[in-house]
*Asks:* 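I have a structure I would like to understand better, so I am pasting it below and will then ask my questions one at a time.
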Amino acid sequence: MAELTLATLAAQAFTGLVLGMILVLLAIGLSLIFGLMTVVNFAHGSLYMLGAYLGFFLIGYTKSFWLALVVAPLLVGALGFGIERFLVRPLYGRSIDDPLLLTFGLSLVMVETVRLIWGKIGLTLDPPRELAGAVNLGFTYFPLYRLFVIGVTVVVLVALFVFLEKTNVGLIIRAGSRDPLMVKALGFDLGRVWLLVFGIGTALAGLAGILAGPMRGVYAEMGVTIIIESFVVVVVGGMGSLVGAIVAGIAIGEVVSLTTLFAPKFAEIMVFIVMALVLLVRPSGLFGESGLME
Amino acid sequence: MNRRAFLATTAAGAAVAAFPAILKAQGGDTIKVGFPGPTTGPFGALAKDQQQGASVAMEEINAKGGILGRRLEILFRDDQLKPAVGAQRTKELIENERCEFIVGGLAAHVQMAINEQTKKAGKLFISVSQSDEITARPDWGPLTFHEALNPTITSRAVGNWLAQNLGKKWWILYADYAWGKQNNAVLTEVLKRQGGVLLGSTPYPLGNPEFSAHLPKILAAKPEVLVTMTPGADNIAFLKQAISFGMKKEMKIAQPLHWLPQLKEGGPDLYADIYAGINFSWQLEDAIPEAKNYVALYRKKHNEPPGDYSAYAYSAIHEVARGITLAKVVNSDAVASALIANPVYNHYKGKQWWRACDHKAFQDLWIVKGRERSKMKGEWDFVDIVQKVAASEELDRSCKEKGFV
């Protein structure tokens, strides 16, 4: 065992932050969609995977990582529009299980489709030249690309916050998740809001995918494990709570990272232990309101 | 119906009725070898490479007139990397297709399942991928042969070389399952015997794409060599992250094996300067005449150079043929006895031999190092051959250690 120093701890905390950022992006999308539509979107992991594959395709096609970083999430968001409008919408008003089963099936279809198109062997995605290499943070070397991932996530979160809190559309979304009937009675077209929110949520999954690609590789099953961790984050943070998703995402990232430092064998299981403990103390999660799931 | 029409009809009918018999007679003339392997699934590329190596051997043998005047036929089956499916396919190959010999298997647990079936049916099985157990009691059987290297031999050879040449302060990172743990145990023992220091040894869950949480403490510990067991897709994810953390500059990185399909997938930017062991690399064609022959045949048929695992399959098919020729009869027991009575062979990379007690094949292996992109000659030139490790029974566990008295 290496000597435990403040520098090691700081480096470990930093890697945990990056793990957390990807989880936050996924969990926010899940939470937005659940908060407004009470749809548990199981296809989220596959949309994350699709973001990475579309990113790979676009980089090959346009030779520009930056363009792909913008366009791939938009394409995934557009697909999200289609999923909401034509597949999920007919199921509103039915049991919460119906859209869950639908999106679960959809995720299997997407994985198989990607295998058909791009093959079973994974692909490698490189970070852009400008972001290759590591920087010296004083206490450790840290990959520039990972710092970039932190930066992008913060920018997206701030933008999302401004959108939800300071714009009229954001106001309608927030109102819609509190009391959809009242919002409808006031004459707003909730159908368009649903479409928009589903699109934003899925686009965030796509963004997480293309951001994760250069770090972890691109393969058809990449969404399978991360979707479970993302649901844990949503549950720990509180179903439907955006602040909860952010806090819990970072917390889970740090839990994984720090457990890896001290007891690597337990890093995986620790995530679920934390979830169990949080649920014991706060059954609705850290920032959740009770009653949403009933 | 006139006489002519009657004759024509009955003649056609007789021909149809006789046709299966004709087919059967032809089938009886060929010598059938069953070959299960995981052509679908995460090891698909390696399994395909193995099949291609086996096909090259089959065509080479048949072009020279077959064995005892009969053609050799290989029946490939997909075992889906699942022990139950491997067992089922093997049973079908033996019972329905009447295969007298089985060659194949990729991944230790599927080999075991195949081996159980061949043991039960009394058929010869030559395993062509890594496993320590397959040549040890209780899994081994009198008709079980093992052509591939195993974790003990590979990690002892690679570990010794690393300690003697790159440094004796190590960190080991390994996937937390059988293959990873076995290699970790062997490497730890090797380092101890070499008088080295193990700064740390960390397991991670197999199939995990994220290694960053492991890296800062390894960087802080400053090992001279980082040895990793990160199979399959993990290998590429790990190297990507290790490189992005600047680790290639801070320490030497090594792993027990390089696989050609994986080198192709990851490319030289990932694999440059990564050390590993390998049972065969096509560049050996410059130094070894048998290698030159094999690589040329393989290139001609498949338009690309052979990978390391294809060579195991190529050699194993040739051993079946050699055994039958020696025994002069298509029978598993006779072939097994003939091979053990004449244990020395050489099909693709120099002298190999079967050890009598456990039917383990002993063979040379090589230490290789990933090449930089700028130094590659052609798209498949991924490694520099650094050193040959000569075949030696000392590198494996002894007959006694494996449970043979």
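Since the structure is predicted, the reported quantities are computational estimates derived from the model, not experimental observations.
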*Asks:* Would the distance check show the side chain of B:Ser244 and the main-chain N or O of B:Gln241 forming a donor-acceptor pair, the cut-off being under 3.5 Å?
*Replies:* yes
*Asks:* Indicate yes or no for a side-chain donor-acceptor contact from A:Ser230 to the backbone of A:Ile226 under 3.5 Å, with no hydrogens or angles considered.
*Replies:* yes
*Asks:* I need the residue from A:Val18, A:Leu125, A:Val256, A:Thr259 with the largest number of non-hydrogen atom pairs under 4.5 Å to chain B.
*Replies:* A:Leu125
*Asks:* Can you tell me which of B:Ala237, B:Pro216, B:Gly44, B:Ala45 forms the most heavy-atom pairs within a distance under 4.5 Å of chain A?
*Replies:* B:Pro216
*Asks:* Measure A:Tyr219 against the heavy atoms of chain B and call it side chain, backbone, both or neither at under 4.5 Å.
*Replies:* side chain
*Asks:* B:Ser55 and B:Lys301: which non-hydrogen atoms are nearest, and at how many Å?
*Replies:* CB-CE, 3.7 Å
*Asks:* Specify the closest pair of heavy atoms between B:Ser201 and B:Tyr174, including all atoms of both residues, with the distance to one decimal.
*Replies:* OG-CE2, 3.4 Å
*Asks:* Among A:Gly16, A:Ala132, A:Ala134, A:Ala7, which residue has the highest count of heavy-atom pairs closer than 4.5 Å to chain B?
*Replies:* A:Ala134
*Asks:* Go through the atoms of A:Leu19 and report whether side chain, backbone, both or neither lie under 4.5 Å from a heavy atom of chain B.
*Replies:* side chain
*Asks:* Counting only non-hydrogen atoms closer than 4.5 Å, does A:Leu17 touch chain B with its backbone (N, CA, C, O), its side chain (CB onward), both, or neither?
*Replies:* neither
*Asks:* Taking atom OG of B:Ser310 and atom NE2 of B:His302, what is their separation to the nearest 0.5 Å?
*Replies:* 8.0 Å
*Asks:* Report which part of A:Arg146 has an atom under 4.5 Å of a heavy atom belonging to chain B: side chain, backbone, both, or neither.
*Replies:* side chain
*Asks:* Tell me which of these, A:Ala212, A:Gly133, A:Pro214, has more heavy-atom pairs under 4.5 Å with chain B than the rest.
*Replies:* A:Pro214
*Asks:* Given heavy-atom pairs under 4.5 angstrom as the criterion, report whether the side chain, backbone, both or neither of B:Phe245 touches chain A.
*Replies:* both
*Asks:* Could you tell me whether B:Arg299 sits above the aromatic face of B:Trp380, with NZ or CZ closer than 6.0 angstrom to the six-membered ring centre and within 45 degrees of the axis?
*Replies:* no
*Asks:* Just by distance, no angles: are the side chains of B:Thr202 and B:Trp171 close enough, under 3.5 Å, to form a donor-acceptor pair?
*Replies:* yes
